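Order of the sequence lines sets the chain letters (A, B, ...), proteins ahead of strands, with each chain counted from 1. All figures in this text were calculated on a predicted structure; none of them were measured in a lab.
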Protein chains: 2
Amino acid sequence: MNVLIVEDDALHRAFLNEAVRAALPECGHVIEAENGLKGEGQARTLRVEHVVMDLQMSERNGIEAARTIWRERPDTKILFWSNYSDEAYVRGVARIVPEGATYGYVLKSASEERLKLALRSVFVESQCVIDREVRGIQQKTFGNSLGLTDVEYEILVDVALGLTDKAIAKRKHLSLRSVQNRLQQLYEKLGVYETPGQGSEGWFNLRTRAVAVALSRKVLNASAIERAERDLRQSAGV
Amino acid sequence: MNVLIVEDDALHRAFLNEAVRAALPECGHVIEAENGLKGEGQARTLRVEHVVMDLQMSERNGIEAARTIWRERPDTKILFWSNYSDEAYVRGVARIVPEGATYGYVLKSASEERLKLALRSVFVESQCVIDREVRGIQQKTFGNSLGLTDVEYEILVDVALGLTDKAIAKRKHLSLRSVQNRLQQLYEKLGVYETPGQGSEGWFNLRTRAVAVALSRKVLNASAIERAERDLRQSAGV
DNA sequence: GTCTGTCCTGCGGGAACCCGCAGATTTTGC
DNA sequence: GCAAAATCTGCGGGTTCCCGCAGGACAGAC
């Protein structure tokens, strides 16, 4: 059983390496990669089936790397080990995990014990392990009626990219008015109308305000926007 | 000579502690704080004069913490130790460093040697040490004609917050038209008109597009927007 | 003095936005 | 199968945005 570690921070990488060896004494090689791109390569050439991966790396982040790894071998077991439980990350992961795949999501703030436990659970027992806090975000995101729908989220991303209503309508095969309806719901759900200070009407451009709110609530983050930007270029550049 | 470490990651904190002790054998206590707020408190009550600080922390980030620390004691020596050299960070630091203060900015990717050297230079020799890469960003940001002016940057932030032209005009004591002029320069400098794909006109809402571009170029980042948001609430909520 | 730059400002118009209303279509629950 | 709910769509308007054009204020150069 070989394990691939994809993590850009040297200290964390060393720590992970040690943790993996301690938690899985029966494992074979432990390979390291310092960014998503190299991680993909290693996973491909060495046919690794167990991956510990950071989200938030330069040069292809964890979500993108995981997506391509899973696309090539959907039965790969991946444990995400991240600093944050941003809704954007949670949603990003949820969008790419294949049917029936086993994965885990633990925070770096968790204890070493929890990390080791998660390593064994995911890699040996093939059990999904989702950090308590991440679990909370998941429920708030998907269960609750205040959470954004997938469609709403996609429109939010398009808006954040700077697309026009018309452009979004074309991309999503909707009428202009439908896009605007979606946007209204979005504004409602994000609470864009709540103004800081009193009696301030017309102070906000709802469209950009929505992006600002989404960013500060971590519904969006920079890496999600970058990913979307690449997708856009690809679909437009053809 | 006491040293305060402000860093939210436990591993990095331990590493820093060790590095400080090694680089400054003559130093007294080494105090640790795990976020900006606690760091401010420690600096205040213990009257620390030497601080090593991460940027990007929850619960008050490094820039904000440094601002209040410097406001209370402008001769404090601060070494910023950060993962990134985002233009937003560089600009944020430049805006708060007091006249004649000594500080440093080294990246976490630098070698341990460089870190120790910087510690000695800043704390003992009272010399400013700016990482090579950060230096590059500085020059690209301020020297070059492609970099944003302070005024332009402030307007960009206001736009990113979701304010209307009119609101910005009022805040900045300018006419509506002047704000729009600034915006045009901004669009020009950010290269908002360059479209991915061919023959796509009217695809972008320039305003939100500018924010997207600024984010992906790291001219803005989430923490800069959050800071601005708090300032806005404060000035509007009075 | 004049000339050249840079910045602020107003005017005007075309485009994009936000959104209420109302009818059509689809989905859902029973 | 049918009614209720949710979605999609067009129309029309008020508002904001984007920006070309042009006139004024102020600086420095000659």
Side-chain angles (χ1 to χ4, degrees), chain A residues 142-195 199-214, chain B residues 142-195 199-214:
Chain A
F142 299 113
N144 202 316
S145 71
L146 284 170
L148 300 188
T149 311
D150 277 358
V151 196
E152 286 164 354
Y153 177 75
E154 283 187 20
I155 293 217
L156 174 61
V157 172
D158 280 358
V159 167
L161 281 179
L163 292 176
T164 318
D165 289 3
K166 209 193 297 180
I168 299 175
K170 204 162 286 178
R171 258 165 79 78
K172 292 285 186 304
H173 305 292
L174 287 173
S175 79
L176 193 63
R177 193 58 179 89
S178 297
V179 173
Q180 294 177 335
N181 277 338
R182 298 272 185 207
L183 276 175
Q184 274 183 265
Q185 294 174 249
L186 210 55
Y187 298 153
E188 200 75 42
K189 285 195 181 175
L190 287 173
V192 166
Y193 301 102
E194 299 153 20
T195 69
S200 39
E201 290 152 17
W203 278 75
F204 284 127
N205 174 319
L206 299 180
R207 168 169 290 251
T208 36
R209 181 63 184 164
V211 176
V213 171
Chain B
F142 300 114
N144 203 313
S145 71
L146 284 169
L148 300 189
T149 311
D150 277 357
V151 197
E152 286 164 354
Y153 177 74
E154 284 188 18
I155 294 219
L156 173 61
V157 172
D158 280 356
V159 167
L161 282 179
L163 293 176
T164 3
D165 289 2
K166 207 194 297 181
I168 299 175
K170 204 162 285 179
R171 258 164 81 79
K172 292 285 186 300
H173 305 293
L174 287 174
S175 79
L176 192 62
R177 193 59 179 87
S178 296
V179 174
Q180 295 178 335
N181 276 339
R182 298 270 183 212
L183 277 175
Q184 271 183 266
Q185 292 174 250
L186 210 54
Y187 298 152
E188 200 74 42
K189 285 195 181 175
L190 287 173
V192 166
Y193 301 104
E194 299 153 19
T195 70
S200 40
E201 289 155 17
W203 278 73
F204 284 126
N205 173 318
L206 299 180
R207 168 169 291 250
T208 37
R209 181 64 183 164
V211 177
V213 172

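B:Phe204 places its CZ atom 17 Å from the C1' atom of C:dA15, with the value rounded to the nearest Å. Rounded to whole Å, the distance from CG on A:Leu163 to P on C:dC17 is 10 Å. Atom pair A:Glu188:CD and C:dC19:C1' shows a separation of 12 Å (rounding to whole Å applied). As a whole-Å value, the separation of A:Leu183 CG from C:dG20 C1' is 16 Å. The distance from atom CG of B:Asp158 to atom P of D:dC17 is 13 Å, rounded to the nearest whole Å. Atom NZ of A:Lys170 and atom P of C:dA16 are 11 Å apart (whole Å). Taking atom CD of residue A:Glu152 and atom C1' of nucleotide D:dA6, one finds them 12 Å apart after rounding to whole Å. Rounded to whole Å, atom P of D:dC18 lies 19 Å from atom CH2 of B:Trp203.
Contact between the side-chain N/O atoms of B:Arg182 and the OP1/OP2 oxygens of C:dC8 is found at a separation under 4.0 Å. Between B:Gln180 and D:dT16, a side-chain N or O to OP1/OP2 separation shorter than 4.0 Å is absent. Contact annotation: A:Gln185 side-chain N/O to D:dA6 OP1/OP2 distance is not under 4.0 Å.
Put simply, the side chain of A:Asn181 and the base of D:dT9 share a donor and an acceptor less than 3.5 Å apart. If you check distances only, the side chain of B:Arg177 does reach the base of D:dG20 with a donor-acceptor pair under 3.5 Å.
Between C:dA16, C:dC19, D:dC17, one nucleotide has an atom nearer to the side chain of A:Thr164 than all others, and that is C:dA16. Taking every side-chain heavy atom of B:Ser175 into account, C:dT9 is the closest of D:dT9, C:dT9, D:dC18. Of the candidate nucleotides D:dT9, D:dC18, C:dC19, D:dT9 has the atom lying nearest to any side-chain atom of A:Ser178. Among D:dC19, C:dC18, C:dG20, the nucleotide with an atom closest to any side-chain atom of B:Tyr193 is D:dC19. Distances were taken from every side-chain heavy atom of B:Leu174 (C-beta onward) to each of D:dC18, D:dT16, C:dT9; the shortest belongs to C:dT9.
Annotation: side chain of A:Lys172 is not in contact with side chain of A:Val179 (no heavy-atom distance under 4.5 Å).
Although no hydrogens or angles enter the test, the distance criterion places no donor-acceptor pair under 3.5 Å between the side chain of B:Arg207 and the main chain of A:Thr208. Side-chain atoms of B:Arg182 do not come within 3.5 Å of backbone N or O of B:Val151 as any donor-acceptor pair. In this structure a side-chain-to-backbone donor-acceptor pair under 3.5 Å is missing from B:Thr164 to A:Asn205.
A salt bridge links B:Glu152 to B:Lys189: one of the charged nitrogens lies within less than 4.0 Å of a carboxylate oxygen.
In this structure, B:Leu176 reaches neither bases nor backbone, as no heavy-atom distance under 4.0 Å exists between it and the strands shown.
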